Undergrad: 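Input: one structure, supplied below.
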Amino acid sequence: ASKEMTEAAVLLFYR
Amino acid sequence: SLNLGTNFEHLEKLRNRSTYVARSCKEIIDRYNEHEDGLYFLTTANGMVYQTFCDMTTAGGGWTLVASVHENSIYGRCTVGDRWSSQQGNNANLPDGDGNWSNRNTFGAAEGATSDDFKNPGYYDIMAEDISVWHVPNNVPLEHWNLAAILRYHTETHFLRLYGGNLFQMFMQYPVRYNVGSPGNRGPAIPIVYDHGDKESTKNLYGPNPRGEFEPGFITFRAINNERAAMAICSGVKPVRAYNTEHYCIGGGGYFLTDQCGDFPSFDWDRLGREQGWS
């Protein structure tokens, strides 16, 4: 995957 | 200094937030009519108080940050920091890995959610209907998360009602466990509404080969690859043609056949000069 993707955290939200 | 006055008022305003009693950011809006993004205190059903970030703006707001999946070293293979797969090495005898997708363990802090893994009690305590996902570059401070994100989207189908109201419950039904099934046994794939980015930009975040086997515009849960390794979330995509999901789905159990174990399992497959096109 792109470097952009691997060097970003995945934040999960609920509503 | 002149700033001191404003700063004091600002801190007073933040301090007042600690008097709120609510189990989610949505409740903060509903009860206290607060609409400002930022950190708030929430309370679990058992009375445990914790602090997290509330997104009060996206699609009317009331989104509670419950977790972040952060890659500290793409070269690590289920090593320290791989809390969303396994920190105990690639091991078929530990099919669930650390088990954090379906337990009540918590770790990290909201302010550090882009610098390390994060999970708070809201993950299992809040009864929710929908999910929102932000991909934020590592180490970006909280006040810039929204603007800095490379991808933001949310669901609107209220699908969590069907799966117990949160990911904790959903992953009880669909365990993130090695050898639990074959690719056809994946969990639900839910259509998404984009808040930043689109189907095309989502595709381009992944490698050229993955683009040929997934469909963008969805979030998929509990994907299973060809070697029966389980992954928790395929962010922005649904596997449809082939199932090399280790290259584009995150989180996982404790064992991956080709030693691709990790929170971002094999996103870096080609990087070390192996086959071309998966990274």
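Residue numbers begin at 1 in each chain, while the letters A, B, ... track the order of the sequences. A quick note: this is a predicted structure, and the numbers were derived from the prediction, not measured.
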Undergrad: Quick one: what part of Ile150(B) sits under 4.5 Å from any heavy atom of chain A, side chain, backbone, both or neither?
TA: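 Just its side chain gets close to chain A.
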Undergrad: Are any side-chain N or O atoms of Arg15(A) and backbone N or O atoms of Gly61(B), one a donor and one an acceptor, separated by less than 3.5 Å?
TA: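 Pair found, side chain donor or acceptor close to backbone of Gly61(B).
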Undergrad: Could you state the interatomic distance from CE (Met5(A)) to CZ (Phe264(B)), rounded to the nearest 0.5 Å?
TA: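 Spacing of CE (Met5(A)) from CZ (Phe264(B)) equals 7.5 Å.
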Undergrad: Would you please indicate if the ring centroids of Tyr14(A) and Trp63(B) are separated by under 6.0 Å?
TA: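 No - the distance between ring centres of Tyr14(A) and Trp63(B) does not fall below the 6.0 Å cut-off.
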Undergrad: Rounded at 0.5 Å granularity, tell me how far CD1 in Ile233(B) sits from CG in Leu12(A).
TA: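 It comes to 4.5 Å.
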Undergrad: Once you measure the plane-to-plane angle for Trp134(B) and Phe13(A), does it fall in the parallel (<30°), tilted (30-60°) or perpendicular (>60°) bin?
TA: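 Tilted, since the angle between the ring planes falls between 30° and 60°.
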Undergrad: Heavy-atom distances under 4.5 Å only: say whether Thr64(B) touches chain A with side chain, backbone, both or neither.
TA: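 When you check distances to chain A, atoms from both the backbone and side chain of Thr64(B) fall under 4.5 Å.
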Undergrad: Non-hydrogen atoms of chain A under 4.5 Å away: do they reach the side chain of Tyr123(B), the backbone, both or neither?
TA: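 Its backbone and side chain both get close to chain A.
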Undergrad: Show the numbers, then the answer: is there a side chain to side chain contact (heavy atoms under 4.5 Å, CB included) between Val133(B) and Val10(A)?
TA: CA-CA 7 Å; Val133(B) 180; Val10(A) 183; 3.6 Å; yes
Undergrad: In Å and rounded to the nearest 0.5 Å, what is the CG to CZ distance from Leu11(A) to Arg152(B)?
TA: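 If we round to the nearest 0.5 Å, Leu11(A):CG and Arg152(B):CZ are 11.5 Å apart.
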Undergrad: Measure distances from Thr155(B) to the heavy atoms of chain A and classify the residue's part below 4.5 Å as side chain, backbone, both or neither.
TA: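 When you check distances to chain A, no heavy atom of Thr155(B) falls under 4.5 Å.
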Undergrad: Verify the neighbour count for atom CD of Glu111(B): are there more than 12 heavy atoms of other residues, nucleotides or ligands below 6.0 Å?
TA: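 No.
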Undergrad: Show me, pair by pair, the donor-acceptor contacts under 3.5 angstrom made by side chains of residues 136-145 of chain B, not counting sequence neighbours?
TA:
{"residue": "Asn138(B)", "atom": "OD1", "partner": "Ala9(A)", "partner atom": "N", "Å": "3.3"}
{"residue": "Asn139(B)", "atom": "OD1", "partner": "Ser115(B)", "partner atom": "OG", "Å": "2.8"}
{"residue": "Trp145(B)", "atom": "NE1", "partner": "Val140(B)", "partner atom": "O", "Å": "2.9"}

Undergrad: Using a heavy-atom cutoff of under 4.5 Å, enumerate the residues of residues 163-170 of chain B that contact chain A, numbered in order, or state 'none'.
TA: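 Expected list: Asn166(B), Leu167(B), Phe168(B).
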Undergrad: Among Ser132(B), Ser68(B), Ala148(B), single out the residue with the greatest number of heavy-atom pairs under 4.5 Å to chain A.
TA: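 That would be Ser132(B).
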